[in-house]
Amino acid sequence: MTTTLTTRVAIIGAGPAGLLLANRLRIAGIDSIVIDSRTREQIEHTIRAGILEQGTVELLDEIAGSRARTVGSRHEGIELRFAGEGHRIDFDALVGRAVWLYPQHEVLRDLVAEALDAGQDLRFEVTAEAVVDEASDRPAVVARTAAGDEVVIRAEFVVGADGSRSVARPVVTGSHGGYFREYPFAWFGILTEAPPSAPELIYSNSPDGFALISQRSPEVQRMYFQCDPDADPQAFSEAQLWDELQKRVPGTTLNEGPIFQRDVLRFRSFVAYELRKGRVAIIGDAAHTVPPTGAKGMNLAAADVLVLERALRALLLENDERPLDAFAETALRRIWKAQHFSWWMTSMLHVAPDASDFDRKRQLGELRSVVESEAGSTYLAEAYTGWPLD
Ligand code: DHB
């Protein structure tokens, strides 16, 4: 059985990019349908990063019921730790901005609740299989429900906000793909039931590799340490995990507790060669991936949304195609800045498996250039808290 639905914008993916776009289009009076292959439960419980740029929080302020400022916590700096010493990067003093620690799955709970309350057409467990007629002004998404029924969503524009395995991306890029870089390490992530080890996040470079000491709440910490990309999350005992973490933050004593979640996050940098073809565009992880150091992923998705929203308002409300023609170029400027920042934080803080003594000494020189210079620290503070949004 095939059901055909009609809307103005068909959005594939109910992650931060898809839901935020639907919210903003709805406020502009533009109807959309959002589909996602996952269940609501899966969307709201997948553990991802936890840092929101100031501009992202300001966008979320427009979501009724957003808890980013009430449940999340404002952080005005981070610690960069190397050679056994910590150095605070004071965002507030350097750039007058801050970030919020508020996990992505909580953002998603807020976005899903707001969408459903507002009557948004949001369908879970509907899997996009193809995007068709992208060169016409009536493109469509062909999808399938969990029961096996076909759904065709005919729209004036299709947006792929469907993550790194995007179904929309091949339609946009053809066989070209994108710019790609892999890294010879990954992060071992844990959640542990113990109060924060420090008031702010610690990014630590050590001869044994990188560690990030983050938090989730007054009772739970999130921590990561650099590991082999093929590491088996189950291969370490809790004692071994604490040992690995502790030796990477010399000079700090970590608060230890039961470890109730563990995962290995692979690193890659990717930017699609094209972000739009005809009436189909890709945003968020469908368009780009950054390594996690610096937590740019979701923030970049939010920035894409703003640029595309403006283009769609012009197209669908004023019949003006110019902002859409400029969409990719405008979005790519920020995407490449965020790619650079994520790559830079990663390369400055991690120890590559083949690093020579020269590389190691140079890296410490780089870290000192950041913490001992107001200009160096200001670049980090500006990029971490987020460049102004359009
Ligand atoms: C977290 C993740 C990051 O990649 C980062 O740079 C900071 C915090 C986190 O999950 O808490």
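Just follow the structure's listing: the first ligand is 1, and inside any ligand the first atom is 1. The first residue in the sequence is number 1, and the count goes up from there. Note: hydrogens, waters and symmetry copies are ignored here, and every other heavy atom, side chains too, is used.
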Is there any protein N/O under 3.5 Å from an N/O of ligand 1, and what does the full list of such pairs look like?
| from | atom 1 | to | atom 2 | distance (Å) |
| --- | --- | --- | --- | --- |
| ligand 1 | 4 (O) | P292 | O | 2.6 |
| ligand 1 | 6 (O) | Y203 | OH | 2.6 |
| ligand 1 | 6 (O) | G294 | N | 2.9 |
| ligand 1 | 6 (O) | A295 | N | 3.3 |
| ligand 1 | 10 (O) | G50 | N | 3.4 |
| ligand 1 | 10 (O) | R216 | NH2 | 2.7 |
| ligand 1 | 10 (O) | Y224 | OH | 2.5 |
| ligand 1 | 11 (O) | S214 | OG | 2.6 |
| ligand 1 | 11 (O) | R216 | NH1 | 2.8 |
| ligand 1 | 11 (O) | R216 | NH2 | 3.4 |

Geometric cation-pi criterion R181 and Y183, 6.0 Å radius, 45° cone: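 So R181 does make the cation-pi contact.
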H350 and W187 aromatic ring geometry - parallel, tilted or perpendicular at 30°/60° bounds: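 Because their plane-to-plane angle is under 30°, the rings of W187 and H350 count as parallel.
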Among V280, D285, V131, I282, the one residue meeting side chain to side chain contact (heavy atoms under 4.5 Å, CB included) with R169: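 Considering V280, D285, V131, I282, a side chain to side chain contact (heavy atoms under 4.5 Å, CB included) with R169 is found only for I282.
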Centroid-centroid under 6.0 Å between F225 and F210 rings: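 No - the distance between ring centres of F225 and F210 does not fall below the 6.0 Å cut-off.
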Aromatic contact, F188 with F236 (centres under 6.0 Å):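 Judged by ring-centre distance (under 6.0 Å), F188 and F236 do meet the cut-off.
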Electrostatic pair E244:R262 at N-O distance under 4.0 angstrom: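 Looking at E244 and R262, the cut-off is not met.
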